[in-house]
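Following: one structure in structure tokens, then a few remarks.
These numbers come from the heavy atoms of this one structure, side chains and all, not from hydrogens, waters or symmetry mates.
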Amino acid sequence: MKITPHEQRVLVPRKRNTPKEGSLSARAALSKVPVGTLKTRLKKLVESGLDRDRAIEVALGRPIGPQGRPRKF
């Protein structure tokens with residue numbers, strides 16, 4: 001018996017990747033900050049002497065600046 005694509009979608013639901021609660025990726029998603037940006041900010045703050053938990057709060061509190069080359073009008 002042949003399974004049609006419509007029937008196959010019903011049989012095999014797609015698994016959605018959700019980050020663990022409290023992880024950096026989950027916090028980044030909630031704050032709408034890219035994970036790479038958050039990790040870079042954390043690295044700089046921890047190297048400057050801040051505690052990791054405090055560095056996470058500071059990094060998430062900063063706004064995201066403009067990306068790319070500035071435009072000339």
Can you list every side chain to side chain donor-acceptor pair (under 3.5 Å) pair that touches residues 16-42, not counting sequence neighbours?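 The answer is S23-S25.
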
Those residues at least two apart in sequence (or on a different chain) that pass side chain to side chain contact (heavy atoms under 4.5 Å, CB included) with D51 are D53, R54

Here the gap from L42 atom CG to L50 atom CG, rounded to the nearest 0.5 Å, amounts to 10.0 Å

- Would you say L30 and V35 are hydrophobically clustered, going by side-chain heavy atoms of ILVMFWY under 4.5 Å? no

Nearest heavy-atom contact between L45 and A55 is CD1-O, 3.5 Å

Scanning both residues in full, the closest heavy-atom pair of L38 with L24 reads CD2-O, 3.7 Å

